[in-house]
Undergrad: 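I'd like to ask some things about the structure below.
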Amino acid sequence: MGLFGFLKGDKKEISQNDILGDIANELSGGAEEVSAKPSGKTQAASSGKPTGELAIIDENRKSFFTYNEFKLERCHKILSKEASAAFDLLPFLLHTNIEGLPGTIPIERLPMGIIGYDPDMKKITEALTLLFRKIPCDLKALEEGQDEKIDFDSLSLIGSIGTISQGAKSDLDFWLCLDREKFDGDQLEILQEKLTEIETWTMERAELETHFFITDINGVKAGNFGESDEESSGSAQAKILKEEYFRTVTMVEGKVPFWCVVPVCDDETYDDYMNKMIAADCFQGYMDFGNTPDISFDEFLGASLWQINKALGSPFKSVIKMALLDSYTEDSHTKSALLCDIVKTSIHEQIYELKRIDPYVVLFERTLRFYKKTKRTKALLLLQKCIYLKSGVLLMPADLAPNAKLNKYKSVISGYVAQWKWDKKTILNFNDFKNWKFQSMKLINDEVNNYLIETYKGLSDKLKAMEGVKLRIDPKDLAVLGRKLYTFYAKKPSKIECTSQFMDKSFTQDALTFYQPENQNSGGWKVFLGNFIKNDIICKKADSELIRAGDDIVSISAWLVLNKVFSEKTQVTAISKSSLITINELRGLLNELKSTIPPLDVNSLKKEHLLTKAFPQNLFVIINFTSPNWVKDIEDIAIIMRNTWGEVLIEHHQGKAGLKTAIDYINQCKPKGRLEMQKTYKFFVADKANRENLEMRLNSLLKTHVSFHMGKTMFYKH
C-alpha cells in the first residue's frame, strides 16, 4: 500500500520499508581581506591574562568576532538604507517595550531584554528618524527604555547573511534564544505576537523580510526543534539544522554559542573545555548548544523530505542543500566531514580565503567536487546552474576579460564559470533569469523536480540496505511532510496538477490567446502565450508559445489560474468558430476561479488538516458554461473543489444529479464564522438565455439544503 496509502488514511500502521520506498514511487510519475582588530563585543569573561585552555578560548573568541563583524559589515553594505536602519533597530525593539514603537504590546508579562545589550542611542535615534521621519515615541522614554528585565540569552542569524549568497532581497532568519522553562505558554504566545508584528513592520516599512524563531537553548542541545510547520522542520533534520546554524551563525547581540570558540574536538574534550571555563567563572558570556552534531544516516531521509518540501518555494537553495546531504552519505562517520568544522577551523586559524571561510562557498566546493568525483553529470550541470543563480553574484561581459579587476566574490564565481566552460551567451541568459519565458522556466523546474526525487530515491535505497537503521523523524512530522508532497506531486485522473513556483519569478503572462480549430464544433482548445491572430496560429507561427491544450476549456482555465499564468491584468483573446463561449464569460470564469480557488501556497496548509482525512474546503460550481445559448435548464455542471490537503479536483456532471453532488460537497465543508462561509463556495451560471431564472432556482435549493447559505452573494454577477 505504501506511504501515500497511509497518508490517505487507508492504513494505521506503516513499516519502515513502506516509508522508504513508496514516497519515491509515487513522486516519480582568493583570500578575503578582514580586519584583524577584535570586536568591542568580546565581553571579557575573566580578569588577568588567561592561560592554557582559557587562553585558547580567548583567542578563538577574538577571531570569531573579527569574522562576525566582517559579516555584519557586508550585510549592511548589501541592504538598502531603510533595511539597514531596520536591522539596527531590531535588537532595541526586542530589548524594550516602548509605546509607539513596532511590536509594542502593553502587557507586563511580555518577555523582553537581551543579556549584555548596550544600545547605541545615537544609532537608534538615527534609525527611527530615517524610518519614521518623526520619532514615534517619547525621547525621554527612549533614553530610559532599557529595562532591567532580561529574558533573552541571545539574538543571532542563521543562513546566507554576510556570505556570497546574500542578496538585496535575502530574508533574515533570526534565532531568539531563551530558556523555555522560564516561561509559560501564554507568555510565549504573546512574544510570538510581538515578533509577528515586527516581521510585518520590517516588510511594510523597509521591504526587509525577517523571520524570528523562538529557540529553546536546551531543546537545541537535545536536538529538539519543536513540531514541523511551514518554517520549522521539526524532527525531520534536527542535527543537520544544528550543523547549518554552526556553519552560518552571525551574532547580533547576547551570548555566543560555546561551540564557536572551542577547537574542533570530540565530545569529551568539549565538555572538559566547558567545565574549566565554568570553574574559572568565565562562562557567563556563552550558551551551550552542545558540540558538533554526529549526524547519523537515519536522519538523512527526513532531511531530504524537508528539502523537497522547501523546494516548492526555494528550489535552487534546496538543490544545493540536497546535494550536501547526498555528499554526506559518502562518509560513514559524518562528524569528521561536516562543513561547520572546516569553517570554524579556518576562523580560529584566521585563514580568510572564501573557499575556506564563506559557509556557502565551502558548500559549493564540497558538492561540486562530490558530483564530479561520482560522475553524476546531470546532477553536476543542474548544481552549476543553481549555484550561479543562488550566489547573488552576476557577472557582466567586462568581468570575463583576462585582466578584469574583480572583488573576491566575483573572482570565485568567475573561476567557476571558467571551469564550467560557460560562454558569454550562457552567462547573460542566466543573468536574465527573471525575464525567462514560461517554457524555459518549465524546463529548469522539471530538472529540479527530477533531481530531488531521484536523489531522495537514492538515499532511500541506501538506507533500506543498511541493517538496523530506523528513521529519526516523528511520525506526525513524516505525515505532514509526506502529505504536502502528496498534494503537489501525486497524480489523480481528476486532479489539476501544479508546477513548482519560484518565489522570485512570476509566471504571470501579459496576454493569452485561446484558440479552437474550425474543424471542431466543440473541444480541441489550445492556449498560447501572447496575443495572436488566427493566421499566426494556422501558419504555425505561434507553435513555440503553445502552453496548454485539451478538450475541456474549464480544466485548462483552472490550470492557468493555479499555475499563476493568468492574473487580473492578463489580456485574454479567444478565437473560435463556435459562439458558445464569449470573451466576457471566459474572462469572468478566469477571474472568479482566481478569487475562489486561488493558487496554492503549500506552506499555508494547516497541520491539523494534514493529520486527518481530507474533506472539501472550497468549491466553484460552473453551470452550463459549454452549453448552447438556448438551453433553459441545467445541462452540464463542472465542480472544481479544493480539499483541506490543498488538492484541486475537477468533476463533470450532467443535469440535476451534478447539482446534488455539488450540494453534498458543500455540506461536507466546515467553515468557521461568516467570513469563511462566504469563501466556501460560489456558483458561476453562464450567461445563457435563462440565467436569471436558473440563479433563482439554485438559490432556493441552496436555502433549503445548505444550512450556512448566504443568499445571492454566492453567485457570480455578470
Undergrad: Are Tyr451 and Leu383 close enough that some pair of their side-chain heavy atoms sits under 4.5 Å apart?
TA: no

Undergrad: Quick one: are Glu497 and Lys491 in side-chain contact, heavy atoms under 4.5 Å?
TA: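 They are not in contact (no side-chain heavy atoms under 4.5 Å apart), so the answer is no.
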
Undergrad: Do any pairs count as a salt bridge (Lys or Arg N to Asp or Glu O under 4.0 Å) and have a residue in residues 618-636, sequence neighbours left out, and if so which ones?
TA: Asp633-Arg697

Undergrad: Carefully, step by step, assess Leu382 and Cys386 under the rule side chain to side chain contact (heavy atoms under 4.5 Å, CB included).
TA: CA-CA 6 Å; Leu382 175 62; Cys386 292; 4.0 Å; yes

Undergrad: Could you tell me whether Tyr681 and Phe715 have their ring centroids closer than 6.0 angstrom?
TA: no

Undergrad: So if I apply the side-chain contact (heavy atoms from CB on, under 4.5 Å) rule between Ile640 and each of Ile622, Leu619, Val561, Leu649, which one comes out positive?
TA: Ile622

Undergrad: May I ask you to test the Arg691-Asn624 pair for a side-chain heavy-atom distance under 4.5 Å?
TA: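 Side chain of Arg691 against side chain of Asn624, heavy atoms only: no contact under 4.5 Å found.
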
Undergrad: Establish, from distance only, whether the side-chain atoms of His609 and Asn643 form a donor-acceptor pair under 3.5 Å.
TA: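 Distance-only check fails for His609 and Asn643.
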
Undergrad: Can you list the residues that meet the side-chain hydrogen bond (donor to acceptor under 3.5 Å, both in side chains) rule with Glu447, with sequence neighbours excluded?
TA: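 With sequence neighbours excluded, Glu447 shows a side-chain hydrogen bond (donor to acceptor under 3.5 Å, both in side chains) to Lys385, given in chain and number order.
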
Undergrad: Return yes when atom CD of Glu692 has more than 12 non-hydrogen atoms of other residues, nucleotides or ligands closer than 6.0 Å, and no otherwise.
TA: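 Result for CD/Glu692: open.
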
Undergrad: Under 4.0 Å between a side-chain nitrogen and a carboxylate oxygen: does that hold for Glu82 and Arg205?
TA: no

Undergrad: Knowing that exactly one of Lys437, Lys526, Lys540 qualifies, which makes a salt bridge (Lys or Arg N to Asp or Glu O under 4.0 Å) with Glu545?
TA: Lys437

Undergrad: Starting at OG of Ser557, measure out to CG of Asn591 and round the result to the nearest 0.5 Å.
TA: 11.0 Å

Undergrad: Which atom names give the shortest non-hydrogen contact between Ile583 and Ala574, and what distance separates them?
TA: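 Nearest pair, atom of Ile583 first, then Ala574: CD1-N, 3.1 Å.
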
Undergrad: Does Phe683 form a side chain to side chain contact (heavy atoms under 4.5 Å, CB included) with Leu702? I'd like the steps, not just the answer.
TA: CA-CA 11 Å; Phe683 277 74; Leu702 292 168; 3.6 Å; yes

Undergrad: Quick check for you: to the nearest 0.5 Å, what is the distance between Ser165 atom OG and Lys390 atom NZ?
TA: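 Answer for the OG-NZ pair, Ser165 versus Lys390, is 4.5 Å.
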
Undergrad: Does the side chain of Leu605 reach to within under 4.5 Å of the side chain of Leu600, using non-hydrogen atoms?
TA: yes

Undergrad: Donor-acceptor pair, Asn450 side chain versus Asp446 backbone, under 3.5 Å?
TA: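 Flag set: sc Asn450 to bb Asp446 pair under 3.5 Å.
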
Undergrad: Which residues pass the side-chain hydrogen bond (donor to acceptor under 3.5 Å, both in side chains) test with Lys606, sequence neighbours left out?
TA: none

Undergrad: Going by distance alone, is a donor N or O of one side chain under 3.5 Å from an acceptor N or O of the other, for Asp432 and Asn435?
TA: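 On atom types as modelled, these side chains qualify, holding a pair under 3.5 Å.
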
Undergrad: If every non-hydrogen atom of Leu172 is compared with every non-hydrogen atom of Ser170, which pair is closest and at what distance?
TA: CD1-O, 3.7 Å

Undergrad: Does the side chain of Thr508 reach to within under 4.5 Å of the side chain of Phe566, using non-hydrogen atoms?
TA: no

Undergrad: Working to the nearest 0.5 angstrom, can you tell me the gap between Asp326 CG and Glu454 CD?
TA: 11.0 Å

Undergrad: Measuring from Leu560:CG to Leu512:CG, what's the distance to the nearest 0.5 Å?
TA: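 Answer rounded to 0.5 Å: 6.0 Å.
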
Undergrad: Considering non-hydrogen atoms only, spot the tightest contact between Gly530 and Thr513 and give its length.
TA: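 Gly530 and Thr513 have their closest heavy atoms at O-OG1, 2.7 Å.
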
Undergrad: Counting N and O atoms only, with roles assigned by atom type, does the side chain of Thr196 sit under 3.5 Å from a partner on the main chain of Gln192, one being a donor and the other an acceptor?
TA: yes

Undergrad: Could you tell me which residues satisfy side-chain hydrogen bond (donor to acceptor under 3.5 Å, both in side chains) with Thr202, sequence neighbours excluded, listed by chain and number?
TA: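 Expected list: Thr210.
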
Undergrad: Between Arg642 (side chain) and Phe620 (backbone), is there a donor-acceptor pair under 3.5 Å?
TA: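 Here the side-chain-to-backbone pair does not exist.
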
Undergrad: One pair to check against salt bridge (charged side-chain N to carboxylate O under 4.0 Å, His left out): Lys682 and Glu592. What are the steps and the verdict?
TA: CA-CA 9 Å; Lys682 180 165 279 190; Glu592 288 303 307; 3.1 Å; yes

Undergrad: More than 12 heavy atoms of other residues, nucleotides or ligands under 6.0 Å from CE of Met710: yes or no?
TA: yes

Undergrad: Side chain to side chain contact (heavy atoms under 4.5 Å, CB included) between Leu389 and Ile444: does it pass, once the steps are laid out?
TA: CA-CA 12 Å; Leu389 291 168; Ile444 196 169; 4.3 Å; yes

Undergrad: Going through the checks in order, is the side chain to side chain contact (heavy atoms under 4.5 Å, CB included) test met by Asn699 and Lys703?
TA: CA-CA 6 Å; Asn699 192 46; Lys703 280 183 178 180; 3.7 Å; yes

Undergrad: Donor-acceptor check, side chain of Asp551 to backbone of Gly524, threshold 3.5 angstrom: yes or no?
TA: yes

Undergrad: Could you pull out all residues at least two apart from Lys495 that satisfy salt bridge (charged side-chain N to carboxylate O under 4.0 Å, His left out)?
TA: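 With neighbours one apart ignored, the set is Glu647.
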
Undergrad: Using a 4.5 Å cut-off on heavy atoms from C-beta on, say whether the side chain of Trp559 contacts that of Ile547.
TA: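 In short, these two side chains touch, coming nearer than 4.5 Å.
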
Undergrad: List the steps, then state whether side-chain hydrogen bond (donor to acceptor under 3.5 Å, both in side chains) holds for Asp552 with Trp525.
TA: CA-CA 7 Å; Asp552 180 19; Trp525 285 93; over 6 Å; no

Undergrad: Quick one: closest heavy-atom pair of Phe684 and Leu589, and the distance?
TA: CE1-N, 3.5 Å

Undergrad: Less than 4.5 Å apart, any side-chain heavy atom of Ser555 and any of His652?
TA: yes

Undergrad: Can you check whether Trp645 and Phe615 have ring centres sitting under 6.0 Å from each other?
TA: no

Undergrad: I'd like to know if the side chain of Thr596 and the backbone of Leu593 have a donor-acceptor N/O pair within less than 3.5 Å.
TA: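 Judged by distance alone, no pair lies under 3.5 Å.
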
Undergrad: First locate atom CZ of Phe213, then atom CG of Asp173, and finally report the distance between them rounded to the nearest 0.5 Å.
TA: 4.5 Å

Undergrad: Which is it for Phe433 and Phe316 under the ring pair (Phe, Tyr, Trp, His ring centres under 6.0 Å) test, yes or no, and what are the steps along the way?
TA: CA-CA 13 Å; Phe433 172 73; Phe316 306 135; 5.5 Å; yes

Undergrad: Flag the pair Thr582 / Glu585 as yes when at least one side-chain heavy-atom distance between them is below 4.5 Å, and no otherwise.
TA: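 Counting from C-beta outward, Thr582 and Glu585 do come under 4.5 Å.
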
Undergrad: Identify all side-chain donor-acceptor contacts of residues 657-671 below 3.5 Å with residues at least two apart in sequence or on another chain.
TA:
{"from": "Lys660", "atom 1": "NZ", "to": "Asp664", "atom 2": "OD2", "distance (Å)": "3.3"}
{"from": "Thr661", "atom 1": "OG1", "to": "Ala657", "atom 2": "O", "distance (Å)": "3.1"}
{"from": "Tyr665", "atom 1": "OH", "to": "Glu651", "atom 2": "OE1", "distance (Å)": "3.4"}
{"from": "Tyr665", "atom 1": "OH", "to": "Glu651", "atom 2": "OE2", "distance (Å)": "2.5"}
{"from": "Asn667", "atom 1": "ND2", "to": "Ile663", "atom 2": "O", "distance (Å)": "3.3"}
{"from": "Asn667", "atom 1": "ND2", "to": "His705", "atom 2": "O", "distance (Å)": "3.0"}

Undergrad: Can you name the closest pair of heavy atoms from Cys498 and Leu562 and give their distance?
TA: SG-CB, 4.3 Å

Undergrad: Would you name the heavy atoms of Leu586 and Ile553 that are closest together and state the gap between them?
TA: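 Heavy-atom minimum between the residues: CD1-CD1, 3.9 Å.
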
Undergrad: Between CG of Leu610 and OG1 of Thr644, what distance do you get to the nearest 0.5 Å?
TA: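 Interatomic distance, Leu610 CG to Thr644 OG1, rounded to 0.5 Å: 7.5 Å.
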
Undergrad: Could you check whether Lys569 pairs with Asp510 (Lys NZ or Arg NE/NH1/NH2 to Asp/Glu carboxylate O, under 4.0 Å)?
TA: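 Judged by the 4.0 Å cut-off on N to carboxylate O distance, Lys569 and Asp510 do not form a salt bridge.
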
